[in-house]
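Here is the structure we will look at, set down as structure tokens.
First the proteins, then the strands, lettered A, B, ... as listed; each starts at 1.
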Protein chains: 2
Amino acid sequence: MVTIADVARHAGVSSSTVSYVLSGKRAISEETRRRVRSSVQVLGYHPNAGARALAARRSHIIALMVPLRTDVYVPVMMEIAIAVTTAARQHGYDVLLITNDEGPDGVRRIAASGLADGLILMDVELDDERIPVLRAQGTQATLIGLADDARGLSCVDHDFVAAGALCADHLADLGHREIAFIGYGSGVYHRHAGYAERTLAGFRDRAGQRGLRFLHRTCEGTYESTAGTLARVLADRPGTTGFVVQNEGAIGPLLTLLRTSGRTVPEDVSVIALCQDQLAEQFAPRLTAVTGSAQELGRVAVEQIVGRLATSNDGGRPDDDRALLTPTLTVRESTGPAPLLP
Amino acid sequence: MVTIADVARHAGVSSSTVSYVLSGKRAISEETRRRVRSSVQVLGYHPNAGARALAARRSHIIALMVPLRTDVYVPVMMEIAIAVTTAARQHGYDVLLITNDEGPDGVRRIAASGLADGLILMDVELDDERIPVLRAQGTQATLIGLADDARGLSCVDHDFVAAGALCADHLADLGHREIAFIGYGSGVYHRHAGYAERTLAGFRDRAGQRGLRFLHRTCEGTYESTAGTLARVLADRPGTTGFVVQNEGAIGPLLTLLRTSGRTVPEDVSVIALCQDQLAEQFAPRLTAVTGSAQELGRVAVEQIVGRLATSNDGGRPDDDRALLTPTLTVRESTGPAPLLP
DNA sequence: AGCTAGCGTTGAAGCGTTTCGACGGTGTCA
DNA sequence: TGACACCGTCGAAACGCTTCAACGCTAGCT
């Protein structure tokens, strides 16, 4: 193993000088810097992470707490996790993965052991047990999702309210009057998942403003449940010409069921999905969809926490900041003008 | 911050005793152990990760290198990542996430800095650049996937050869004679992804033994490419009655296309998928599928590397061990006896 | 009785960094 | 010309933990 002392010897300077060259925390002459850098190269020196963490009291690690749940669309989580990891590396941080099932104790463990300098929490519930722990430990954190009480913490999330409104507007613009909103399974609403509630609220408000009649129905995302949901919708509101689908699992079944029931998309009914573009492209017809960038979500989360870590030892007192990412509507082949009344 | 010295003072012992109680590396009297444990509780002591890593030369961290690529089914990767994380915790390890784009340098960085004690590499290619680095650094590692030259490393993977054979056997048992194998996009084969090649080989060999005629066609997994692939298959071999699908994205389109072309599943054609059970259940009809457990893959990978880390300082020389996980066939509604010849 | 073996505990020596205070040298200003 | 500030470098003191050698005991053996 090559240590800082080896580098110092090789470059003919003291080890503190090497440290300062690497950290840039003190002025070092051009000449010395050059020599040290080259020694580092030649010897293949990488500072020992443990020693660094111990001396500097910073591990340069960010912990990312991911949900175990599988009732949300998994690729999105993965995309966020990867975006977080690459963004973190660009700021000199590594990412430690921990699972939600460690719960508040996990947060305590990570914070108290100094394993990570800060945390990013995914799948935050409105009233989350981990938040008080964060405050008690004085740990820096960013929440992905909005919590009830985020004083002193930073949050980032998609603007689901805007996403819901975009759907309502698009269908209203096309002349549709009766819409069905196919949501997630009832469990998601019962645990007050913010994204589900906020999308629905955004849709509902805008639908009201635009004079749309609409129905909200839960759906587990299997073929059977989608069939049941659709049957009930058509029984209750035979005049429905627009569908908003939030549960990714229900999209395929819905399209198949509409087709077998003799309804053509988009001539007879329009379908708009709340899902990733990649997924929307996979269906036939390609789906008009409202999307937020998971990549950006991860990137912003990292920037928030890195910002906090940087200012928190300058004595700067970071305010609670919350970022809402604007979703985009991409019109494809699954939506069209409402059919003329018979 | 609570240190080991605080605990020692509180319990009226020396800090080394506290350390031994916690690590269990020396005999400690029942009485002392009790007192120390209770002090740990009361004070809420968590050993400082950096100091621990520095003194013991072990970080108790395993690095998991995940692919950025999205051409394989993403939820599986996530499932593995989570399985690795939970399994690692059970052995007292945390998991550091790094992305494939760091490449061999990433491996060097992690190994040389002592950030992680060992690595788990996903998406290993047959001739992987990271493997020589691993050997040069003398770092413990487990590969998920099989490499050309895995001397001194451990590997774990699904037995894709057996999976392919299971598909062939099942269709042969049902009396099918002409089969189409719908694979991944050509890019996957060009970069010699082991799982794709091995599945195909397993299928091909067994199909040969069982006297099946078959066609292998690549497919990108979009609706259009599936339509093109299917059209070519039906043109070349109109008598095809069995389909094996490996590309998850092609499943939905294939079922839709078969239906619109007037073919009923499973009466006219049988479809067997190589995918997770969860996904297979989502279609109508539910798909007969061959599956390997992603959870187990993650768990075994962790056990291999933890085993190596344990024996590697006992001077034990761990052999290269490779584990192949047996896949299972679950018969559902999408396969049935071959139709009688007209 | 004398010797060895093991038990439970301790003090102290690292582990490889960062960072503080200090030092000589150089330039600037009065 | 003297005082002062700043620059580039260094030595040494942490940082909080693990682990080794050593200690005084008691117990078991010859």
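Looking only at distances, a side-chain donor or acceptor of A/D6 sits under 3.5 Å from a matching main-chain atom of A/T3. Between the A/E129 side chain and the A/G103 main chain, no donor and acceptor come within less than 3.5 Å of each other. Judged purely by atom type and a 3.5 angstrom limit, A/Q140 has no side-chain atom pairing as donor or acceptor with the backbone of A/L119. Distance alone, capped at 3.5 Å, places no donor-acceptor pair between the B/T32 side chain and the B/I28 backbone. With hydrogens and angles disregarded, a donor-acceptor distance shorter than 3.5 Å links the side chain of A/D117 to the backbone of A/H60. A side-chain donor-acceptor contact under 3.5 Å links A/S59 to the backbone of A/L115.
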side-chain hydrogen bond (donor to acceptor under 3.5 Å, both in side chains) assessment of B/S14 paired with B/T17: CA-CA 5 Å; B/S14 76; B/T17 301; 3.2 Å; yes
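Taking atom CG of B/N48 as the reference point, atom C1' of C/dG16 lies 14 Å away to the nearest angstrom. One can place CG of B/L54 at 13 Å from C1' of D/dT19, the figure rounded to the nearest angstrom. At whole-Å resolution of the value, CE in A/M1 and P in C/dG14 are 17 Å apart. Here D/dA12 presents its C1' atom at 14 Å from CD1 of A/I4, a figure rounded to the nearest Å. For the pair B/E31 CD and C/dT9 C1', the computed distance is 14 Å after rounding to whole Å. The nearest whole Å value for the distance from the CG atom in A/L22 to the P atom in C/dT19 is 12 Å. Distance CZ (A/R26) to P (C/dC20): 7 Å, rounded to an integer number of Å. Computed from coordinates, the B/L115 CG to C/dC15 C1' distance equals 16 Å when rounded to whole Å.
When heavy atoms are screened at a 4.0 angstrom cut-off, A/S29 is found touching the sugar-phosphate backbone but no base atom. Residue-level contact check: A/S16 touches the bases, meaning some heavy atom is under 4.0 Å from a base atom.
Between A/E303 and A/R299, at least one side-chain nitrogen of the basic residue sits less than 4.0 Å from a carboxylate oxygen of the acidic one, meeting the salt-bridge criterion. Using a cut-off of 4.0 Å between Lys/Arg side-chain N and Asp/Glu carboxylate O, B/R308 and B/D321 are scored as salt-bridged.
Out of C/dT18, C/dG16, D/dG16, the shortest distance to the side chain of A/R52 is found at C/dT18. Of the candidates C/dT9, D/dG16, D/dC20, the closest approach to any side-chain atom of A/R57 belongs to D/dG16. Relative to the side chain of A/A51, the nucleotides C/dG16, D/dG8, C/dT18 differ in distance, and C/dG16 lies closest.
When the side-chain nitrogen and oxygen atoms of B/K25 are compared with OP1 and OP2 of D/dT18, none of them lie within a distance under 4.0 Å. At the phosphate of D/dG16, neither OP1 nor OP2 sits under 4.0 Å from any side-chain N or O atom of B/T3. Contact between the side-chain N/O atoms of B/Y20 and the OP1/OP2 oxygens of D/dC17 is not found at any separation under 4.0 Å. A/S19 has a side-chain polar atom (N or O) that falls below the 4.0 Å cut-off from OP1 or OP2 of C/dT18.
Across every non-hydrogen atom of A/G50 and A/N48, the tightest pair is N-OD1, 2.9 Å.
Mapped onto DNA chain C by nearest heavy atom, B/A27 and B/A56 fall at different nucleotides, with B/A27 at the one closer to the 5' end.
Five base pairs at each end of the helix from C/dA1-D/dT30 to C/dA30-D/dT1 define two local axes, and these are offset by 40° (rounded to 10°).
Near DNA chain C, meaning a heavy atom under 4.0 Å away, the residues from residues 32-44 of chain B are B/T32.
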